[in-house]
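Note that the structure is predicted; figures quoted are calculated from it, not measured. Values reported hereafter were calculated over all heavy atoms of this structure, with side chains retained and with hydrogens, waters and symmetry mates removed. Order of the sequence lines sets the chain letters (A, B, ...), proteins ahead of strands, with each chain counted from 1.
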Amino acid sequence: MSRYDFSAVEKKWQKYWDEHKSFEAVNDYSKPKFYALVEFPYPSGHGMHVGHIKAYSGLEVVSRKRRMQGYNVLFPIGFDAYGLPTENTAIKENIHPRIVTDRNIEKFTNQLKTVGFSFDWSRVVDTTEEDYYKWTQWIFLKMFENGLVFRDKTSVNYCPSCKVVLSNEDSQGGKCDICHSDIVQKTKEVWYLRITEYADKLLQGLEEVDYLPNVKLQQQNWIGKSTGAFVEFAVKENGEKLRIYTTRPDTLYGVTFMVMAPEHPMIEKYRDGIANIAELDAYKAECAKKSEFERTQLVKDKTGVRIDGLTAVNPITGKEIPIYISDYVMMGYGTGAIMAVPAHDQRDYEFAKKFGIDIIEVIKGGDISVEAYTGDGEMVNSGELDGISNKKEAIEKMLGLLAAKGCGEKGVQYKMKDWAFNRQRYWGEPIPIVHCPHCGMVAVPYEELPLRLPKVENFEPGTDGESPLAKIDEYVNCKCPKCGCDAKRETDTMPQWAGSSWYFLRYCDPNNDSEFASQEALKYWMPVDWYNGGMEHVTRHMIYSRFWHKFLYDLGLVPTSEPYAKRTAQGLILGPDGEKMSKSRGNVIDPNDVVDEYGADVLRLYVLFMGDYEKAAPWSESSIKGCKRFLDRVWGLRDMLVDGDEYSDELRSQFHKTIKKVTEDIEAMKFNTAIAAMMTLINDIYSVGRINKAELGAFCTMLNPFAPHITEEMYSETFGSILSEQSWITYDEALCKDETIEIVVQVNGKLKAKLNIAVDADKDSVIAMALDDEKVRESVEGKNIVKQIYVPNKLVNIVAK
RNA sequence: GCCGCCGUGGCGGAAUAGGCAGACGCAUGGGACUUAAAAUCCCACGAUAGCGAUAUCGUACCGGUUCAAGUCCGGUCGGCGGCACCA
């Protein structure tokens with residue numbers, strides 16, 4: 001048997017597919033379409049990771065199969081190329097980020113091609129190219145026009161090492177997402193996108209899409225909707241209203257104090273009337289020093305200071321209650337102030353214990369001398385609410401009382417915050433806004449887009465956190481597009497997430513220079529039928545892009561309210577040591593090495609065979625040999641080839657069964673069991689000792705999506721035609737069944753015998769056969785048969801006592 | 001703390017909808033071929049007892065439902081992920 005030269009064969013077919021544009025989607029809008037999307041890579045200098053291979057191999061298999069099934073498949077790829085690592089390389093090596101980006105994209109392109117992915121290479125998108133980011137800016141301006149862009153001075157997450165302001169999403173755990181330094185708090189005026197305006201739509205949209213359940217759940221948690229009430233407490237000294245948000249209006253009789261966030265504006269407003277203002281200022285200063293992370297992460301003693309000079313009045317009871325400031329209340333959620341009910345909230349309970357404040361039980365069921373009771377029960381000490389259930393009844397009644405007094409109403413809150421939309425770095429989309437001393441913020445006119453990144457010598461950010469663009473006078477100084485007077489250009493750039501928020505739209509019509517994509521193309525291709533990616537992008541990229549898409553939908557610019565009909569996620573590939581791959585651990589597997597040693601087909605097969613696609617699995621150097629052996633055995637089929645246009649009797653039902661299994665498993669992303677079924681089939685073929693042409697053709701076809709190179713080679717050698725242009729093979733449900741079937745005979749649930757019976761044999765004859773079996777007879781001897789259970793084609797269970 | 005997911009051989013993992021636990025692959029042991037090695041092929045491979053046919057136990061642990069539980073229900077322990085002083 002001639003040895004399989006994977007290297008030559010793989011190159012040969014990659015060249016063929018490239019030259020024949022084999023996998024380009026066609027603009028024939030009458031064909032059924034299938035739009036499969038994978039997360040486009042950030043082209044880092046390290047090249048591809050085996051994780052990319054696994055992430056792309058899933059929909060690669062589905063796409064190749066769907067093409068053979070007659071779909072017009074759009075399976076595009078591109079590069080999400082703006083970002084800090086590229087800029088940092090540029091600074092370090094003193095070359096322009098454009099050059100670094102082009103270099104990295106070339107490297108990624110070559111790597112993707114050596115794996116044989118069937119991407120549509122005619123639609124490649126690069127977010128840093130002018131004809132792409134022109135439209136990113138265009139959409140931003142549409143948002144600006146529609147009031148979704150604003151500037152606000154707030155405490156921001158700032159990375160002193162990257163010299164950049166980060167969103168909450170990019171600074172989770174108090175560490176910079178890029179360089180892992182500690183984040184500090186800085187007050188800065190920054191850009192925001194009003195994503196909270198879409199909170200409810202983003203939540204409701206989840207009901208109409210087919211996402212993995214935990215993907216939906218994570219997005220729901222991220223949006224974090226809660227329902228409750230806004231209540232106004234009068235402040236005795238100045239007649240002001242202190243507005244709070246609570247999810248527990250039923251507990252209003254149990255309020256014994258109020259807490260404001262240290263930054264609450266009422267303190268500044270009435271500082272003259274506060275006797276202990278110096279003490280409050282000291283506490284505020286102490287809080288400001290702590291990062292958001294320290295403030296929230298540490299499980300620590302409650303601290304706070306009572307405001308001497310402001311007293312709240314409970315709108316229902318008329319009782320006067322003290323007001324405190326404490327850092328356990330955040331300015332960024334609700335109204336920045338709470339009503340505290342120590343009997344029924346653990347945080348309030350701890351605070352009250354420490355400060356010696358009354359704890360009044362208003363719901364029966366717990367022991368408030370030990371801890372707060374947060375469960376449900378009957379109302380007590382609550383006037384007109386006494387005796388009813390705290391749940392719906394008391395809440396409804398209280399809302400009625402508040403409404404009657406005009407000091408409260410139902411309310412909804414979201415945990416999701418507005419999207420901090422800026423970077424003070426060079427390598428990003430320039431924000432197309434001009435600051436005019438007369439007109440304020442003015443949009444750059446649409447016809448002047450793209451607003452190009454200027455050429456710069458030095459990409460280093462300023463030490464003050466200013467963008468490098470701020471140092472370029474000819475960029476900064478401009479005329480106001482509205483009034484023509486001297487004005488200054490905005491120098492912040494957009495965050496990394498901007499370009500990926502609409503790339504799936506551009507793939508539909510990537511070369512359009514008059515629109516971001518034509519309506520015709522969008523109507524045909526959208527929504528994305530199947531989007532696969534990593535769990536790490538579920539709450540950031542996915543929510544951001546759903547937001548942009550819903551915005552465009554509201555403007556009538558895209559045809560669907562949701563961008564992605566279906567979302568799945570692949571599990572991580574861990575290092576051979578079972579730990580997450582990282583350079584510092586030295587357990588990184590380079591896909592190039594695997595391709596060189598075993599070939600692309602083996603790599604593709606292995607990443608799908610190694611375990612459940614959606615779960616993490618460790619890389620194993622020895623397991624990959626199993627895939628190599630399998631393909632060697634596939635190649636060996638050439639030596640046992642005989643004539644025949646139909647499946648042989650020995651293998652017919654095996655083939656039908658395997659085709660059915662593979663066809664179904666691919667759609668269910670159960671690639672590991674699909675491969676296992678083909679391994680079983682090849683074991684069967686080897687024990688028969690021969691394979692005919694019809695069988696070889698069918699085998700190559702079902703293996704083709706997984707291992708396209710070897711199967712193209714074998715197919716063209718045998719049939720003289722191109723496998724990827726053939727139709728997917730079908731199976732006959734009737735032929736998947738054998739004529740006789742083995743069933744299990746149990747006595748009292750224990751396996752005693754196996755019988756070969758005709759398929760769908762009737763109960764009585766099967767049970768008679770079972771009872772006739774020698775071992776079964778032994779087991780039931782001297783006992784009464786109380787029950788006989790027959791599960792057709794599966795088992796017989798005889799219950800005897 | 002809250003929410004969600006998961007615990008199956010030496011290992012990765014299979015097991016429609018409760019119906020033969022361990023498919024498929026790896027590793028290991030034995031054998032064949034070979035001067036030898038690699039490669040390949042054949043056999044064995046959950047545990048315990050037994051020469052053996054076989055028996056008993058076995059899907060983290062305890063209990064329940066059922067003719068029948070890896071699968072369903074209640075509880076415990078362990079691991080992973082998300083959110084986190086969210087009022």
Whole angstrom is fine here: how far is it from [atom1] in [X] over to [atom2] in [N]?
X: A/Ile743; N: B/A68; atom1: CD1; atom2: C1'; answer: 15 Å
X: A/Lys750; N: B/U54; atom1: NZ; atom2: C1'; answer: 14 Å
X: A/Gln346; N: B/C85; atom1: CD; atom2: P; answer: 15 Å
X: A/Phe630; N: B/C26; atom1: CZ; atom2: P; answer: 12 Å
X: A/Asp639; N: B/U40; atom1: CG; atom2: P; answer: 15 Å

Please report the shortest heavy-atom distance between A/Thr246 and A/Pro249, naming the atom on each side. CG2-N, 4.0 Å
Looking only at non-hydrogen atoms, find the nearest pair between A/Leu608 and A/Gly58 and report the distance. CD2-N, 4.2 Å
Taking atom [atom1] of [X] and atom [atom2] of [Y], what is their separation to the nearest 0.5 Å?
X: A/Ile798; Y: A/Asn748; atom1: CD1; atom2: CG; value: 9.5 Å
X: A/Met535; Y: A/Leu212; atom1: CE; atom2: CG; value: 7.0 Å
X: A/Glu597; Y: A/Ile624; atom1: CD; atom2: CD1; value: 8.0 Å
X: A/Met266; Y: A/Leu310; atom1: CE; atom2: CG; value: 7.0 Å
X: A/Lys615; Y: A/Leu574; atom1: NZ; atom2: CG; value: 13.0 Å
X: A/Glu350; Y: A/Tyr328; atom1: CD; atom2: OH; value: 9.0 Å

Candidate nucleotides B/A27, B/A15, B/A87, ranked by approach to the side chain of A/Tyr245 - the nearest: B/A87
Among B/C85, B/G13, B/C83, the one nearest any side-chain atom of A/Lys415 is B/C83
Answer yes or no for A/Arg306 and A/Phe355: cation-pi contact, defined as NZ/CZ to six-membered ring centre under 6.0 Å and angle to ring axis within 45°. no
Give a yes/no verdict on a cation-pi contact between A/Lys54 and A/Tyr613, requiring under 6.0 Å between NZ or CZ and the six-membered ring centre and an angle within 45° of the axis. yes
Phosphate OP1/OP2 of B/A87: any A/Lys302 side-chain N/O under 4.0 Å: no
Assign each of A/Thr247 and A/Lys787 the nucleotide of RNA chain B bearing its closest heavy atom; nearer the 5' end lies the nucleotide of A/Lys787
Closest to the 5' end of RNA chain B, once A/Gln413 and A/Gly626 are matched to their nearest nucleotides, is A/Gly626
What's A/Lys670 touching, base or sugar-phosphate or nothing? Going by heavy atoms closer than 4.0 Å. sugar-phosphate
Side-chain ion pair, A/Arg567 and A/Glu614, N-O less than 4.0 Å: no
In plain terms, say whether A/Lys628 and A/Glu621 are close enough for a salt bridge, that is, a side-chain N and a carboxylate O under 4.0 Å apart. no
Contacts under 3.5 Å, N or O only, protein and nucleotides 69-74 of chain B:
none

Dot-bracket encoding of pairs in RNA chain B, which uses [ ] for pseudoknotted crossings and | for another strand, Watson-Crick or G-U under 3.5 angstrom: (((((((..(((......[....))).(((((.......))))).((((....))))..(((((..]....))))))))))))....
Hey, what are the protein-to-nucleotides 41-43 of chain B N/O distances that come in under 3.5 Å?
residue : atom : partner  : partner atom : Å
B/C41   : OP1  : A/Arg633 : NH1          : 2.7

Base, backbone or nothing for each nucleotide of nucleotides 18-24 of chain B, written B, S, -, heavy atoms under 4.0 angstrom, 5' to 3'? -BB--BB
Validation row: A/Phe6, A/Asp601 side chains within 4.5 angstrom (heavy atoms): no
Report, one pair per line, the protein and nucleotides 2-8 of chain B atoms (nitrogen or oxygen only) whose separation is under 3.5 Å.
none

Determine, using ring centers only, whether A/Tyr324 and A/Phe351 are less than 6.0 Å apart. yes
Would you mind calling B/G58 syn or anti? Take O4'-C1'-N9-C4 for purines or O4'-C1'-N1-C2 for pyrimidines, and syn is within 90° of 0. anti
May I have the list of side-chain donor-acceptor pairs in residues 662-670 of chain A shorter than 3.5 Å, sequence neighbours left out?
residue  : atom : partner  : partner atom : Å
A/Thr663 : OG1  : A/Ile659 : O            : 2.6
A/Thr663 : OG1  : A/Trp728 : NE1          : 3.1
A/Glu664 : OE2  : A/Lys660 : NZ           : 3.1
A/Asp665 : OD2  : A/Lys661 : NZ           : 3.1
A/Asp665 : OD2  : A/Thr673 : OG1          : 2.8
A/Asp665 : OD2  : A/Ala674 : N            : 3.4
A/Glu667 : OE1  : A/Arg66  : NH2          : 2.9
A/Glu667 : OE2  : A/Lys65  : NZ           : 2.6
A/Glu667 : OE2  : A/Arg66  : NE           : 3.0

Just wondering, more than 12 heavy atoms not from A/Arg690 lying within 6.0 Å of its CZ? no
